[in-house]
Amino acid sequence: MRARLARRLFVLTFLLSPWSAHAAVQARPQPAAASEMPRVRLIATGGTISNKVGGRLTADELVALMPDVTRWAHPETEQFANLASGELTLGQWLALSKRIAALLDQDRDLAGVVVTSGTDTLEELAYFLDLSVRSDRPIIVAGSMRNPSTLGYEGAANLQDAFRVAAAPEARGRGVLVVLNDEINAAREVTKTDALRLNTFQSRAYGILGVVDADRVVFYRDVVKRHTAKSEFELAPVATLPRVDVLMVYQGAPGDLIKAAVDQGARGIVMATAGAGATSGTQDEGIAYATGKGVFVVITTRTGSGRIAARVRTGGPRGTSSAARSEYQIAGEDLAPIKARILLMLALTKTQDPTDIQRMFTEY
Ligand code: GLU
């Protein structure tokens, strides 16, 4: 009885073995060839993520920190600069935007681009790219709060998350994305809210666009404003960006700073007003001086969120005195002062028409 059972089991095993072996080979996940992986290009500009004591990490060294990245993407590298974010000039911003646009145009198979940046002005660079690179392929801006010489350096994790988002088909058409701390935020909405904490990048009232979790990249919503592929801004013919300054409203603030900016060549001024458009001190005189000379004054709020409504028929945005109102006074809608400054710089590369500029502030 036992012998017969053993013989049957032997025959069964013999019959099944070629099939089982074949099935096992079939089922085992094969590492995908590098050529099958979405190619993602890292363009490194510097920042804390690369600011190692004793010498900054290069783009190649940053990629080497992510041994697992080839599970999601085939990385390529390009060193654009290796500076703190605030050290990049507006000329370098222009060059970076043009470089990314040219790269995406020439390399049709490139899945996406990751840009590393210092975190201090990261949100400004991200919004500049959001408005100026006309492509629906993912452009991800990433950085870190701790440097590579610090315990708990989170740069490699943030960078790998950025590569994963850049390689994800779901990230297409969502504008420039900021990825840090496992979260995806929109360039238009995100701001650095804390000088030191790892969860510093927040979109306040708007919230995150998505998350980068262990299993997959998840999106929850879209930005409905115009950006990237739907942007009208074309930088190819632009050699320099016009000067636009940001000035804050505070109690008793002197308007002569606004006059000084105009006299120094500002083509636009963004006022970070109190509440929903209130000025103080002699600032209305400064605003009238600016608009009288055809310098655009964009009204935004210093509160961190909320909207400055475009004027209904005559007069400036609500809150400003009638003396200061002019067609050159533009309502900044819900853009943060530093984001409004970027939109105004780009707007002025295209038009000097107040109605057109106000339209841009409602569409972007
Ligand atoms: N936190 C700095 C920045 O935003 C980075 C410092 C550095 O890279 O030297 O760029």
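Each ligand, and each atom within it, is numbered from 1 in the order the structure gives. Just so you know, these numbers come straight off a predicted model, no measurement behind them.
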Identity and separation of the nearest protein heavy atom to [atom]:
{"atom": "atom 9 (O) of ligand 1", "value": "Arg56 NH2, 2.7 Å"}
{"atom": "atom 2 (C) of ligand 1", "value": "Asp120 OD2, 3.4 Å"}
{"atom": "atom 10 (O) of ligand 1", "value": "Ser85 N, 2.5 Å"}

With a heavy-atom distance limit of 4.0 Å, tell me whether Thr48 approaches ligand 1 through its side chain, its backbone, both, or neither.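 Both backbone and side chain.
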
Ligand 1 atoms in contact with Gly47 (distance to a heavy atom under 4.0 Å):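 So the atoms of ligand 1 that pass are 5 (C), 8 (O).
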
Which atoms of ligand 1 are found less than 4.0 Å from any heavy atom of Thr119?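 So the atoms of ligand 1 that pass are 3 (C), 4 (O).
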
Does Arg267 make a cation-pi contact with Phe296 (under 6.0 Å, within 45 degrees of the axis)?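 No; the conditions do not both hold, so Arg267 does not lie above the ring face of Phe296.
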
Are Lys225 and Tyr364 in a cation-pi setup, meaning NZ or CZ lies under 6.0 angstrom from the ring centre and within 45 degrees of the ring axis?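 No.
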
Flag side-chain contact, heavy atom, 4.5 Å: Thr70 against Met37: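 In short, these two side chains do not touch, never coming nearer than 4.5 Å.
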
Taking the side chain as C-beta and beyond, is there a heavy-atom pair between Thr48 and Met145 under 4.5 Å?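 No - every pair of side-chain heavy atoms lies 4.5 Å or more apart.
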
Compute the shortest N/O to N/O distance between Thr121 and ligand 1 and return yes if it is under 3.5 Å, no if not.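 There is no such contact.
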
Ignoring hydrogens, what is the shortest heavy-atom contact between Leu42 and Leu62? Give both atom names and the distance.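 Here Leu42 and Leu62 meet closest at CD2-CB, 4.2 Å.
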
Contact check, Glu87 vs ligand 1, heavy-atom distance below 4.0 Å: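 No, Glu87 has no heavy atom closer than 4.0 Å to ligand 1.
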
Is Gly46 close enough to touch ligand 1? Criterion: a residue heavy atom under 4.0 Å from a ligand atom.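 The answer is no, since Gly46 has no heavy atom less than 4.0 Å from ligand 1.
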
Do Glu123 and Lys192 meet the salt-bridge criterion of a basic N to acidic O distance under 4.0 Å?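 No, this pair does not count.
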
